[in-house]
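Naming: A, B, ... by sequence-line order, numbering from 1 per chain. Only this structure's heavy atoms are used, side chains among them; waters, hydrogens and symmetry mates stay out.
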2 protein chains.
Amino acid sequence: MEITFKAINDPTRREILVFLIGGAQNAGEIAKQFSMSKPSISHHLDLLKQGNLILAEKKGQYIIYSLNRSGFELVHGWFQGFTQYFEFPKPKIRL
Amino acid sequence: MEITFKAINDPTRREILVFLIGGAQNAGEIAKQFSMSKPSISHHLDLLKQGNLILAEKKGQYIIYSLNRSGFELVHGWFQGFTQYFEFPKPKIRL
DNA sequence: TAAATATTTAGACATTCGTTTAAATATTTA
DNA sequence: TAAATATTTAAACGAATGTCTAAATATTTA
């Protein structure tokens, strides 16, 4: 919980998540999107992984990153209480 | 956007938000819930207000805090892209 | 096996963050 | 108007965060 919110807190990490909506990518391709060193991006990817927001799969010398449902569900679940408070339509999550 | 995510990032601030689901409260009542100085809580309330997650209304010598829809809608909107990616049911927000 | 490529780990450093105590402001009550 | 109550503002400080460069690890290619 704590680490997931922390992971979402940084703007670069949020941009990485949005970028991955377009599909899985390796670390190098992700890093190309940002004017920031590769080690910095690597660190951000690590935090997103810790927050269960992305998955990492090693494919040869590359590491492919993709969005991970579980972190998003955690946050989504936390927000449900407020969603109800404001009378948004009940979400009825399909798992 | 940035300030709203930042506001949500801290565990004490998230607890304050959850506490306010139970209804509006003045600063003193909120502070009582936490083993932390009043100035700290005051600071957290300020950040939540900046993030449009709570509203502050002065009532005599008290300040009444309550949940603010707009900050939650901002975050909810940001998550919609992922919600769709994971094929959650479409939220159809009622404004 | 040596060189090249992909990515991470380690260490350093400035900035931001959360907390505290003390002081200031605003409102109500005696 | 003076004292009490509610809350914030200010200043200080240690801890956490994000970034960088340099070095290490792993894999592929020549």
### Message
Ring-plane angle category for A:Phe5 and A:Phe79, please: parallel below 30°, perpendicular beyond 60°, tilted otherwise.
### Response
tilted
### Query
Among the nucleotides C:dC17, C:dT8, C:dG18, which one has an atom lying closest to any side-chain atom of B:Arg13?
C:dG18
### Message
With nearest nucleotide decided by heavy atoms, which residue, A:Leu47 or A:Gln61, maps closer to the 5′ end of DNA chain D?
### Response
A:Leu47
#### Entry: Contact nearer the 5' end of DNA chain D, comparing B:Asn26 with A:Met36
B:Asn26
## Note on the structure
Under a 4.0 Å heavy-atom criterion, DNA chain D is touched by chain B from D:dT5 to D:dT9
Rounded to the nearest angstrom, tell me the gap between atom [atom1] in [X] and atom [atom2] in [N].
X       : N      : atom1 : atom2 : value
A:Ile30 : C:dT8  : CD1   : C1'   : 14 Å
B:His44 : C:dT20 : NE2   : C1'   : 12 Å
B:Gln50 : C:dC17 : CD    : C1'   : 13 Å

### Query
Under the 3.5 angstrom rule, does the side chain of B:Arg13 hit a backbone N or O of B:Ile8 as a donor-acceptor pair?
no
### Summary
Heavy-atom nearest pair, A:Asn52 first then A:Ser70, reads CB-OG, 3.4 Å
### Query
Looking at A:Leu45 and A:Ile54, what are the two nearest heavy atoms and their distance?
O-CD1, 3.4 Å
### Message
Under 4.0 Å, counting only non-hydrogen atoms across every strand here, what does A:Asp46 touch: a base, just sugar-phosphate, or nothing?
### Response
nothing
### Query
At under 4.0 Å between heavy atoms, what does A:Tyr65 touch on the DNA or RNA strands: base, sugar-phosphate, or nothing?
sugar-phosphate
### Query
In the single-linkage hydrophobic clustering (I, L, V, M, F, W, Y; side-chain heavy atoms under 4.5 Å), do A:Ile64 and A:Leu55 co-cluster?
no
### Query
Is B:Phe82 linked to A:Phe82 within one hydrophobic cluster, defined over Ile, Leu, Val, Met, Phe, Trp and Tyr using a side-chain heavy-atom separation of less than 4.5 Å?
yes
### Message
Strictly by Watson-Crick or wobble contacts shorter than 3.5 Å, is anything paired with D:dA30, and which nucleotide is it?
### Response
C:dT1
### Task
Searching all strands shown, indicate the nucleotide that pairs with D:dC13 (Watson-Crick or G-U wobble; both distances under 3.5 Å).
C:dG18
### Sole candidate of B:Leu20, B:Thr4, B:Asn68, B:Ile16 that passes side chain to side chain contact (heavy atoms under 4.5 Å, CB included) when paired with B:Leu53
B:Thr4
### Summary
Note: for A:Asn9 and A:Ser42 on DNA chain C, the residue whose nearest nucleotide lies more 5' is A:Ser42
### Task
Report yes if at least one side-chain N or O of A:His43 is closer than 4.0 Å to OP1 or OP2 of C:dA10; otherwise report no.
no
